[in-house]
Structure formats: structure tokens, C-alpha cells
Amino acid sequence: MDSEFLTDTSQQHSGIHTLEPKKWVELHADYLYNFAIVRLNDEEQARDLVQETFLSALEKTAGFRGESAERTWLTAILKYKIIDIYRKKAGSFAVNDKTGAPDNEPEFFDPDLNHWKKEHWPAPFGVEDKDPLHNKEFMGVLERCMSRLPSLWMSVFKLKHMDEENTEFICKELKLSSSNFWVIIHRAKVNLRSCLQKNWI
Amino acid sequence: MKKILKTDEERIAYNCRKATLLIEKKQDIELTAREKMELTLHLAGCYICRVYEEQSVLINSMMRKIFKGPKDPLKLDDEFKEQLKKKIKDKTGTN
């Protein structure tokens with residue numbers, strides 16, 4: 001995201017930044033809209049959030065100290081609104097499973113001995129030495145597998161890999177204990193890996 | 001007949017569930033000395049978890065690429081933008 005802020009030429013980089021709410025829609029609405037869409041995959045919700053961001057920003061103008069560009073400041077407000085939505089989604093899981101696992105999650109490991117069940121053994125994908133990151137088909141399979149992940153797991157991955165947030169921040173914002181966080185990462189990865197193997201090989 | 005794991009070494013050697021959890025942790029934070037020892041010991045004898053580790057690292061890079069890759073930018077429609085401008089104007093109370 002940082003590089004995108006740098007290309008924001010709407011501000012003069014003379015030190016102190018100022019706010020010009022009259023120009024917000026022209027300058028930042030589409031940017032904020034796209035920022036929200038990639039994180040929520042919901043155009044309707046993204047529209048609402050752009051509006052909410054502008055309106056709550058107007059109430060906070062007194063707190064704007066001109067240390068960051070207008071867009072950076074607005075984006076930070078939007079980001080907290082997105083995390084609020086992540087948190088609300090997380091809160092809708094049953095109390096007995098705080099990790100938000102899907103009901104149909106297979107047992108990958110033997111319940112007593114904890115080794116891989118034979119039918120779930122990881123096998124090489126066969127693309128490892130051929131630059132898989134540039135293999136569009138392979139990336140496409142992973143993308144489809146990701147779209148099936150429960151929303152809490154996806155929120156964790158987005159905070160971690162899209163926003164590069166650290167573990168402590170994610171746990172605090174999503175109200176997860178650190179052990180639940182690791183259980184989520186682990187189970188999500190085991191599921192994702194398995195889905196990739198099943199649909200690729 | 002059910003297998004019973006008697007020694008610590010045996011428990012570590014069998015515990016792919018824990019080994020894969022440690023593989024995930026390791027990519028993010030420093031493992032404790034004991035965790036490092038257990039993981040090394042486990043991976044030395046477990047080819048499947050070595051495959052898992054390689055793929056887990058790969059999946060992380062793939063996810064980062066997917067999340068950060070260029071997307072076709074969408075635009076809000078003009079009507080919505082006009083409403084938004086009006087709302088901002090009303091709220092700022094400036095003429």
C-alpha cells in the first residue's frame with residue numbers, strides 16, 4: 001500500500017498537509033472504494049464504507065495534525081472500519097468453536113497418534129521447480145481454494161499477507177488468543193494445501 | 001491393535017500435527033529451543049512433513065502475490081459520487 005501512497009500527487013509535499021473535504025470525492029473516493037473491495041469482496045458494503053469514512057472523517061478533522069497525507073489519513077479511518085467488519089464476522093461463530101472452522105472440515109491427522117492420515121498425505125505438486133508463482137493455472141486453483149475458506153480465516157490471511165500486520169496486532173483487533181491464532185493459521189493452511197493438491201494433481 | 005507411543009522420541013516422530021503447526025509458527029516468529037529441537041528431529045525422519053513445509057512456504061508467497069497483484073480498478077458511479085459530495089457539503093456547513 002505504501003507505494004500507492006507515494007504516487008498520491010494530490011498533496012504538496014511541503015511538510016504540513018491540509019484537509020480539503022470538498023475535493024475528497026474527486027480525489028479519493030475511487031481509491032478508497034477499491035481498497036475496501038479487495039478486502040471485503042462486497043461492492044455494496046464497500047460503497048457504504050466509503051461514505052461512512054468520509055462522514056466520520058469530517059467529525060475527526062480536529063484530530064488531523066497534518067503529519068500524513070490526506071489520503072493516508074482517510075485510508076487509516078477506512079481500515080479500522082474494515083477490521084470492525086472482520087471482527088463482527090468473527091463474532092458470529094458458535095462459542096464452542098472460536099476458530100471458525102467449517103463443519104465439513106476433514107480430519108487430516110490421526111486423532112490418537114497425530115500423524116497424517118494416509119489419504120491426506122501431502123504429495124509434491126509437480127510445479128515446484130517451474131516457477132509456480134508465474135503459473136497462472138496453478139495460481140487460479142489456489143485462488144478458488146481460498147474463496148472457499150471460512151470468513152474468519154480469510155480475514156486473518158488478509159491482515160497477515162495483504163496488510164502485513166503482525167500477529168500481535170491481528171490477535172488484538174480480532175480478539176483472538178495467540179493459541180487460537182496459530183490454530184487458525186495451521187488449520188487454514190492444512191486445508192488450503194489439501195484443496196490445492198486435490199484440484200491440481 | 002492400537003499402537004502405543006512410549007518414549008518422547010516416538011511421540012515427536014509421530015506428531016505430524018504438531019510439526020506442521022511449528023512449521024507455520026516458524027515462518028512468523030522465533031521458536032523456543034525445545035520447539036526447534038522437536039521440529040528438527042521430526043523433519044529428519046518425516047518426508048511428508050518436509051513436503052508440507054516446502055508447500056506451506058510456497059502457498060504464503062502465492063497468497064501474497066494474489067492479494068497484492070494488480071486488480072482492475074473499479075469506479076463508483078457518478079450518481080453516488082454526487083450524493084456523497086452533497087452529504088459532505090451539508091455536513092461541513094460551508095456554502
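As the structure is a computational prediction, the values presented were derived from the model and not from experiment. By convention in this document, chain letters (A, B, ...) are assigned in the order of the sequence lines, proteins followed by strands, and residues within each chain are numbered from 1.
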Just by distance, with hydrogens left out, do K189(A) and N60(B) show a side-chain donor and acceptor under 3.5 Å apart?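 Judged by distance alone, the side chains do pair up.
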
Measure [X] against the heavy atoms of chain B and call it side chain, backbone, both or neither at under 4.5 Å.
| X | result |
| --- | --- |
| A57(A) | neither |
| L113(A) | both |
| K160(A) | side chain |
| M146(A) | side chain |
| F54(A) | side chain |
| N166(A) | neither |

Between E43(A), K23(A), K158(A), which has the largest tally of heavy atom pairs under 4.5 Å with chain B? K158(A)

Please identify, among T167(A), L55(A), I185(A), V50(A), the residue contributing the most non-hydrogen atom pairs under 4.5 Å to chain B.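 Most pairs with chain B among the choices: L55(A).
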
Check: S194(A) side chain, V190(A) main-chain N or O, donor-acceptor pair, under 3.5 Å: no

Decide, yes or no, whether a salt bridge links D30(A) with K81(B) under the criterion of side-chain N to carboxylate O below 4.0 Å. yes

Okay, E82(B) and chain A: the region with an atom under 4.5 Å from a heavy atom over there is neither

Considering only heavy atoms, which portion of K71(B) lies under 4.5 Å from any heavy atom of chain A: side chain, backbone, both, or neither?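 The side chain, not the backbone.
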
Which one wins on heavy-atom pair count under 4.5 Å against chain A: K85(B), R64(B), M63(B)? M63(B)

Smallest separation among heavy atoms of I77(A) and S56(A), with atom names: CG2-OG, 3.8 Å

Report the C-alpha distance between R193(A) and Q197(A) in whole Å, list the side-chain angles of each, state the deciding distance to 0.1 Å, and finish with yes or no for side chain to side chain donor-acceptor pair (under 3.5 Å). CA-CA 6 Å; R193(A) 200 218 60 80; Q197(A) 176 169 330; 2.7 Å; yes

Geometric class of the Y52(B)/W116(A) ring pair [parallel <30°, tilted 30-60°, perpendicular >60°]: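 The rings of W116(A) and Y52(B) sit tilted, inter-plane angle from 30° to 60°.
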
With sequence neighbours left out, write down each residue that passes ring pair (Phe, Tyr, Trp, His ring centres under 6.0 Å) with F108(A), or none if nothing qualifies. H120(A)

With a 2.5 Å cut-off on the SG atoms, do C195(A) and C145(A) make it?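 Correct, these two cysteines form a disulfide.
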
